[in-house]
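See below for the structure under consideration.
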There are 2 protein chains.
Amino acid sequence: MYSIHMIPGIRMTAPSQLSALTTRNTRLFTLLLERELKKTGLRSGQLPVLQALQDGKILNQKALADFADIEQPGMTTLLARMERDGLIQREPDPTDRRSTLVTLTPDGQRKSRNIVPVMEHLTNTALKGFTPLERDILVTLLERITSSLKSQL
Amino acid sequence: MYSIHMIPGIRMTAPSQLSALTTRNTRLFTLLLERELKKTGLRSGQLPVLQALQDGKILNQKALADFADIEQPGMTTLLARMERDGLIQREPDPTDRRSTLVTLTPDGQRKSRNIVPVMEHLTNTALKGFTPLERDILVTLLERITSSLKSQL
DNA sequence: ATGGAATACATAACATGTTATGTATTGAGA
DNA sequence: TCTCAATACATAACATGTTATGTATTCCAT
């Protein structure tokens with residue numbers, strides 16, 4: 001499958017600080033992402049919503065929360081900020097009066113087109129020097145962790 | 001905690017989900033960690049402070065912020081909550097009137113003894129099925145990412 | 001010795017997320 | 001049909017983190 005010879009800098013020490021490492025990487029990545037997005041008027045938390053609503057798609061808030069993998073109240077407040085900033089539009093669902101349908105505004109659509117190049121650039125920065133094999137190994141290991149953690153929920 | 005999710009249109013097969021994977025793992029790990037810590041009366045953000053002040057060590061707020069790798073205002077508010085909750089004590093540094101010296105209270109010391117087993121258990125959960133080699137590969141790759149991202153700051 | 005830069009901390013405003021809880025609407029079974 | 005559970009959303013309270021900014025103190029170069 002994969003071999004230690006292909007991983008430079010291998011140390012054989014205990015990953016006692018695994019969570020610190022992933023947390024640090026997440027915060028660093030988000031920090032750099034926010035810097036890039038600042039030029040486009042977007043924030044990192046908005047990206048899943050913009051992605052989910054691309055191509056004129058219409059979703060209610062529950063579907064957006066599921067897609068973004070956050071709780072419903074978090075999505076409610078996020079969408080309130082995005083509506084305030086003119087990125088999305090909310091209107092009542094005519095078929096279900098509990099539900100609110102969300103769409104991108106033209107400005108939201110326009111700004112969301114900047115996301116892909118920004119994410120590509122940052123991902124390449126994070127994985128600088130990684131061989132394709134190393135990328136695959138990393139993703140495989142991370143997916144196994146996700147699976148293990150989700151099984152504990 | 002910010003949330004970076006899968007962005008469409010990135011063609012690289014697997015690593016396009018890198019930030020989504022690490023972010024999801026971080027949130028999942030933190031969620032499970034908070035559940036465990038709830039029994040001990042601690043919160044996840046407090047752990048670096050408790051660790052840094054173990055064995056009666058005395059540090060000022062700047063040193064704690066550096067250790068925890070967060071900004072100074074974040075540490076100030078964190079320490080205010082921890083002081084409110086009786087985990088730490090703050091007193092003026094007699095040798096530098098700008099500085100505040102922080103120590104653990106007896107209760108903080110007592111509660112902090114629960115951290116290591118909790119973290120070990122959760123880390124083993126996250127890395128369930130990993131061989132020692134796979135653990136080291138993972139840590140090595142994550143550290144390379146940290147290094148690449150930090151070089152962009 | 002002193003004046004200006006650097007340092008340590010605090011505060012405000014905010015984004016992002018979590019629980020807990022309340023309200024209105026919908027749906028489903030007796 | 002009617003009641004009761006489930007669903008969708010909102011709100012409150014909070015933790016954790018970020019910038020931006022202000023204040024007080026200390027350090028250093030002249």
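So you know, we letter chains A, B, ... as the sequences are listed, proteins then strands, and number each from 1.
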Rounded off to whole Å, could you give me the CG-to-P distance for the B/L33 and D/dA15 pair?
16 Å
Provide, to the nearest angstrom, the distance between the CZ atom belonging to A/R27 and the C1' atom belonging to C/dA15.
15 Å
Residue A/R90, side-chain heavy atoms: nucleotide from D/dT19, D/dA10, C/dT18 that is nearest:
D/dA10
Of A/D96 and A/G74, whose closest DNA chain C nucleotide lies nearer the 5' terminus?
A/G74
Can you tell me the distance, in whole Å, between the CD atom of B/E71 and the P atom of C/dT11?
18 Å
Students often get this wrong, so: under 4.0 angstrom with heavy atoms, is B/Q61 touching a base, only sugar-phosphate, or nothing?
sugar-phosphate
d(CG, A/L42; P, C/dA15) in whole Å
14 Å
Between atom CG in B/L64 and atom P in D/dG17, what is the gap in whole Å?
13 Å
By nearest-heavy-atom nucleotide on DNA chain D, the more 5' of B/R97 and B/R43 is B/R43
Please state how far atom CG in A/L50 lies from atom P in C/dT16, giving the value in whole angstrom units.
11 Å
Charged N to carboxylate O below 4.0 Å: is that the case for A/K62 and A/D66?
yes
Euclidean distance, atom CD of residue B/Q46 to atom C1' of D/dG17 [Å, nearest integer]
15 Å
Under a single-linkage definition using a 4.5 Å side-chain heavy-atom cutoff for Ile, Leu, Val, Met, Phe, Trp and Tyr, are B/I58 and B/L78 assigned to the same hydrophobic cluster?
no
A/S112 to A/L104 - nearest heavy-atom pair and separation:
OG-CD1, 4.4 Å
Map A/R84 and B/K38 onto DNA chain C by nearest heavy atom, then report which one ends up closer to the 5' terminus.
A/R84
Residue A/K62, side-chain heavy atoms: nucleotide from D/dT16, C/dT19, D/dA8 that is nearest
D/dA8
Does B/K111 come within less than 4.0 Å of B/D107, counting only side-chain N to carboxylate O?
yes
B/T76 vs C/dA10: side-chain N/O to OP1/OP2 distance below 4.0 Å:
yes
Please examine the side chains of B/T22 and A/F29, heavy atoms only from C-beta on, and report whether any two atoms are closer than 4.5 Å.
no
Is the phosphate of D/dT16 approached by B/R81 (side-chain N or O, under 4.0 Å from OP1 or OP2)?
yes
Answer yes or no: side-chain N or O of A/E34 and base N or O of C/dA15 forming a donor-acceptor pair under 3.5 Å.
no
Considering heavy-atom distances to DNA chain D, does A/P73 or A/R35 have its closest nucleotide positioned more toward the 5' end?
A/P73
Whole angstrom is fine here: how far is it from CG in A/N60 over to P in D/dA10?
11 Å
If you look at every strand shown and take non-hydrogen atoms under 4.0 Å, does A/S99 touch a base, only sugar-phosphate, or nothing?
sugar-phosphate
